[in-house]
Amino acid sequence: MERYEVLIVGGGVGGLTCGITIASAMHKPWFGDRKILVIDDGNSDLAKARLFNAPGICPGTSGIETLETMRSQLLHYPAATLTSGSVTDVARVGGDWRVTTHAGDLHTAQTLVLATGFKRWDIDGLPVAPVPHPRGGKPDRIMLEHDGVYHVAPGLHVAGLLGGGSGQFAIAAGIGAQVAVELLSEWAGKRTHMHHLPETPQ
Ligand SMILES: Cc1cc2nc3c(=O)[nH]c(=O)nc-3n(C[C@H](O)[C@H](O)[C@H](O)COP(=O)(O)OP(=O)(O)OC[C@H]3O[C@@H](n4cnc5c(N)ncnc54)[C@H](O)[C@@H]3O)c2cc1C
């Protein structure tokens with residue numbers, strides 16, 4: 001069982017953006033040999049959309065195609081792995097998270113990022129519970145309370161709309177990127193962000 005530095009549950013907009021942003025730092029000396037895993041069970045809201053107002057996305061692009069592009073962006077980085085599966089249980093064992101899928105696969109990680117969207121809450125063993133989402137647009141939408149930069153509990157972060165953002169692609173992506181930047185800054189030992197110039201390794 002490989003141990004990951006970060007395990008992201010949910011490979012929709014927020015989770016993939018978080019993973020892409022983290023993995024894009026893999027050439028930094030302080031990144032070390034960290035590995036990231038994204039687990040997803042294929043129910044992103046984006047798959048139902050056709051995008052005309054998502055910044056940087058060619059108007060009329062389907063959500064399905066956008067998700068495929070984002071998955072390719074993630075997998076461009078050898079530090080990242082994407083696997084399909086439904087996470088059913090998590091447990092804190094020592095300082096790590098032990099994550100179990102419906103198929104019985106086990107993974108361990110130091111940091112867990114929940115990016116499961118604002119409609120579902122079906123993972124056992126989490127030390128927190130969702131609250132009603134004030135910007136979700138419908139009464140059954142949920143979010144997790146956090147410290148303002150999406151840190152929920154020791155070793156636990158929330159990304160995407162479960163972090164409390166309204167239902168737009170750019171907002172879900174932005175929360176994913178913010179979580180990534182918080183983790184990268186912790187690893188770098190200083191505030192950082194990831195920018196690539198034409199001459200830097202991609
Ligand atoms: C019909 C429709 C049209 C839309 N059109 C637009 C638009 O035009 N413009 C715009 O800006 N936004 C649009 N959106 C909104 C956009 O799709 C969302 O803002 C975005 O998908 C939210 O990202 P997220 O990461 O929070 O959740 P999602 O993208 O829904 O991702 C959550 C992921 O978590 C996975 N997951 C959940 N629980 C588990 C688990 N236990 N184990 C493993 N995986 C799990 C799901 O399978 C899913 O892939 C639209 C949404 C819908 C429904």
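Numbering starts at 1 and runs along the sequence shown. Note that ligands are numbered from 1 as they come in the structure, with each ligand's atoms numbered from 1 the same way.
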### Co-membership, hydrophobic cluster, residues Met143 and Val158, 4.5 Å side-chain
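Met143 and Val158: separate clusters.
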Kindly print each ligand 1 N/O atom paired with any protein N/O atom under 3.5 angstrom away, one pair per line, or none if nothing qualifies.
unit_1, atom_1, unit_2, atom_2, d
ligand 1, 9 (N), Asn53, OD1, 2.8
ligand 1, 11 (O), Gln168, NE2, 2.8
ligand 1, 11 (O), Phe169, N, 2.8
ligand 1, 12 (N), Phe169, N, 3.2
ligand 1, 17 (O), Leu46, N, 3.4
ligand 1, 19 (O), Gln168, O, 3.4
ligand 1, 25 (O), Val13, N, 3.3
ligand 1, 25 (O), Gly14, N, 2.8
ligand 1, 26 (O), Leu161, N, 2.8
ligand 1, 29 (O), Val13, N, 3.3
ligand 1, 29 (O), Ser44, OG, 2.7
ligand 1, 30 (O), Asp45, N, 2.9
ligand 1, 34 (O), Ala115, O, 3.4
ligand 1, 38 (N), Arg120, NH1, 3.4
ligand 1, 38 (N), Arg120, NH2, 3.2
ligand 1, 41 (N), Val87, O, 3.0
ligand 1, 42 (N), Val87, N, 2.9
ligand 1, 44 (N), Asp41, N, 3.2
ligand 1, 44 (N), Asp41, OD1, 3.4
ligand 1, 47 (O), Asp40, OD1, 3.4
ligand 1, 47 (O), Asp41, OD1, 2.5
ligand 1, 47 (O), Gly42, N, 3.3
ligand 1, 47 (O), Asn43, N, 2.7
ligand 1, 49 (O), Asp40, OD1, 2.6
ligand 1, 49 (O), Ser44, N, 3.1

#### Entry: Pairs satisfying ring pair (Phe, Tyr, Trp, His ring centres under 6.0 Å), at least one member in residues 122-152, at least two apart
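Non-adjacent pairs meeting ring pair (Phe, Tyr, Trp, His ring centres under 6.0 Å): Phe118-His133, His146-Tyr150, His151-His157.
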### Query
Considering all heavy atoms of both residues, which atom of Val113 and which atom of Ala159 are nearest to each other, and what is their separation?
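Looking at all heavy atoms of both residues, the closest pair is CG1-CB, 3.8 Å.
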### Query
Take atom CZ in Arg98; do more than 12 heavy atoms of anything else shown fall under 6.0 Å from it?
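No, because the 6.0 Å sphere around CZ of Arg98 holds 12 heavy atoms or fewer from other groups.
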#### Entry: Where at least one partner belongs to residues 105-129, residue pairs that pass side chain to side chain donor-acceptor pair (under 3.5 Å), sequence neighbours excluded
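Those involving residues 105-129 are Arg3-Gln110, Asp41-Arg120, Asp45-Lys119, Arg120-Asp122.
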### Task
Any pair with a residue in residues 160-179 that passes side chain to side chain donor-acceptor pair (under 3.5 Å), sequence neighbours left out, goes on the list, sorted by first then second residue, please.
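Of all non-adjacent pairs touching residues 160-179, those that pass side chain to side chain donor-acceptor pair (under 3.5 Å) are Gln178-Glu182.
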